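Just below is one structure, and these are the notes that go with it.
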Amino acid sequence: MQDVPAGAPRPASGTAPAEGRRGKPWRTVWLLLLLGWTVSAADRAVTGPVVTWMINNDVGFLAEAEHPHALGGLIGGLFFAGYMLTQFPGGYLGDRFGHHTLIVVSLVWAGVTTLLTGFMGGLVAFIVLRVVTGLGEGAFFSNDRTLVVTVTPERERSLGMGVVITGLAFGITIATVFTPHFVNLGKQVLADEEAWRMAFWVLGTATLAAAALLAARFRAHLRWAALGGATLRLGAVSAVSLALIMAVYLLGERAGLSDLWIALLEVALAVVLVLAVLVRKGTELRPVLYNRDLFLLYLANIAILWNLWFFSFWSVSIVTGAAHSSFMSAALTAGFNAGAGILGFPVGGWLSDRTLRLGWTRKTVMLACTGSQAVLTVAFAWYVSVAAAPSLWVMGLLLFFASLFFNALQPVGHAWTAELATPRLRGSAFGMENLVGETGAVLAPAVGGALRDATGNWSAALWLDAGLVACCFCLLGFVRAHRPHPSSAPVEGAA
């Protein structure tokens, strides 16, 4: 489907993409979107390792913090406060201006703001740039998921979801494993206490290069009027969201609230804004907002994104604290958690499509993956809690296999959402799913950091994460299994 401004005629749906001389053109789109996921995920995940390095080396704005892990977690949570507030608007704008358009806008935005983060010195300025980065990146998810559904035949839909989102694993792995190398590179040209800036400069430059490539490949689907309109609309939403997020943060700081309470207030702010959207768009978006099964998937996504960003943000610190290892060794061990997605995402998508053709449902595969992940997450929490000297190898293997099943379930869930949603509102459905789910991403770094400061170790935070995964499994059990929507076929020329 060609992305055009609102009001322009769109091709009729229901026609499968032609293969012919072009082979399977939707797979080219998969690879381009995978690249987009890689750079955007690295931009958002790099904050955790950088914060851990600052805490370990007693530098930067964390040097004087009374509760450094709680403050570091709040910084990560504020990024996701911005990220969640543009999930639904991003999907809605994609349905209006074109999904290719919003993907390009999101990547350019993220590249510029990540570069600028490396120039910020004070705590408040750093937070502002991280929030603004999150606001821009929030428009990527719902448009990426919708574009995969649009261009891909139903028989390969879940596989496409898995292949594309493998970029998330690549990006988190790059941020986790290579941040020590970026910091060492920074030491060659900057003072040691400023070396962290290099991580943002390298990743911001890479994101802009990826944005340029996607813009060139998507040029047939882009219009300057649509790019300008989408940027202005997203900018307006982001300006209001930034003002509200920072107002809550600064007022909370002035009132002497803890970092955890500030994170909770940011979530409350998001809930209020969502309710405001529902009041304005309730009739138009009724199929997305009042679908029982979609709503249960939205709630389950809270636990999914809590687990994702708890480990993505704090895994290096968890390994360092448990095994008393070096920053480099901890980063490599934590990389098992992120790297498992490189295998888990595509395998989960392939397995979901394969079993669907055999007569199973997405629900069966989703429950199998979530149940396995729950057992392994409990095993990791137990091992870290009871082992006097946890082994890096044992922790790495437990992280790998828990993450393997966790990453496998995500493309299954995304394909399930696509089947449940009305085709014309898929962007809005994915946006609402991630908006609700990002509640977990906002709270996970802050709550995890606060529990670490309060208890002196990571055991309580790990057990909380395991409990949430178990709750996710229970919620999914109440979602009714569905067959694909009869009008879910992609359109000709979509690639």
Side-chain angles (χ1 to χ4, degrees), residues 45 47-78 80 123 176 179-180 196 252-253 256-264 303 306-337 376-399 402-403 440-470:
T47 311
V50 166
V51 164
T52 297
W53 182 83
M54 286 182 171
I55 293 173
N56 291 349
N57 291 274
D58 198 30
V59 300
F61 39 76
L62 292 169
E64 304 299 325
E66 184 178 356
H67 302 291
H69 291 89
L71 177 57
L74 177 62
I75 293 171
L78 289 172
F80 285 107
L123 173 61
T176 302
T179 292
W196 58 270
E253 283 283 297
L257 298 179
S258 69
D259 296 322
L260 178 56
W261 271 110
I262 294 174
L264 289 170
W306 179 296
N307 181 83
L308 173 62
W309 292 107
F310 169 67
F311 278 106
S312 296
F313 197 90
W314 286 124
S315 57
V316 176
S317 185
I318 291 169
V319 174
T320 301
H324 305 290
S325 62
S326 68
F327 183 59
M328 182 71 76
S329 297
L332 291 172
T333 303
F336 280 94
N337 177 70
L376 289 163
T377 305
V378 167
F380 182 81
W382 175 83
Y383 180 71
V384 171
S385 299
V386 303
S391 163
L392 289 176
W393 278 106
V394 173
M395 284 193 291
L397 288 174
L398 286 172
L399 283 172
S403 183
V442 172
L443 291 175
V447 173
L451 288 174
R452 165 61 180 79
D453 284 336
T455 63
N457 59 58
W458 287 103
S459 295
L462 288 168
W463 281 112
L464 174 60
D465 178 78
L468 288 171
V469 174

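Please read these numbers as outputs of a predicted model, since none were measured by experiment.
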Legend entry - Worked verdict on Val447 versus Trp306 for side chain to side chain contact (heavy atoms under 4.5 Å, CB included): CA-CA 10 Å; Val447 173; Trp306 179 296; 3.8 Å; yes

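- Contact record, Ala381 with Leu462: CB-CB, 3.8 Å, taken as the closest heavy-atom pair.
- When all heavy atoms of Thr455 and Leu451 are compared, the closest pair comes out as OG1-O, 2.7 Å.
- Atom CD of Glu253 sits about 6.5 Å away from atom CG of Asp259, to the nearest 0.5 Å.
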Inset, instruction - With side chain to side chain contact (heavy atoms under 4.5 Å, CB included) as the test, would you mind laying out the steps for Ser403 and Phe311 before giving the verdict? - result: CA-CA 10 Å; Ser403 183; Phe311 278 106; over 6 Å; no

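- Separation of atoms OG (Ser385) and CZ (Phe380) is listed at 9.5 Å; rounding is to 0.5 Å.
- Residues forming a side-chain hydrogen bond (donor to acceptor under 3.5 Å, both in side chains) with Ser258 (at least two apart in sequence, or on another chain): none.
- Here Leu443 contributes atom CG and Leu260 contributes atom CG; the two are 7.5 Å apart, rounded to the nearest 0.5 Å.
- Of the inter-residue distances, the one linking Ile318 atom CD1 with Asp465 atom CG reads 8.0 Å to the nearest 0.5 angstrom.
- Side-chain contact between Trp314 and Thr52 is present, with heavy atoms from C-beta onward closer than 4.5 Å.
- Every residue meeting the side chain to side chain contact (heavy atoms under 4.5 Å, CB included) condition with Val394, not counting sequence neighbours, appears here in chain and number order: Tyr383, Ser391, Leu398.
- Remark: Asp58 pairs with Ala63 by the side chain to side chain contact (heavy atoms under 4.5 Å, CB included) rule, at least two apart or across chains.
- Not counting sequence neighbours, the partners of Thr47 by the side-chain hydrogen bond (donor to acceptor under 3.5 Å, both in side chains) test are Arg130.
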Inset, instruction - Give the C-alpha distance, both sets of side-chain angles, the deciding distance and a yes or no for side chain to side chain contact (heavy atoms under 4.5 Å, CB included) between Trp53 and Val59. - result: CA-CA 8 Å; Trp53 182 83; Val59 300; 3.6 Å; yes

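- The shortest side-chain heavy-atom distance between Ile75 and Leu123 falls under the 4.5 Å cut-off.
- Rounding to the nearest 0.5 Å gives a distance of 8.0 Å between CG of Leu71 and CD1 of Ile55.
- Among residues two or more places apart in sequence or in another chain, the ring-ring contact (aromatic ring centres under 6.0 Å, His included) test is passed with Trp309 by Phe80.
- Take Phe313 and apply the ring-ring contact (aromatic ring centres under 6.0 Å, His included) test, not counting sequence neighbours, and it matches no residue.
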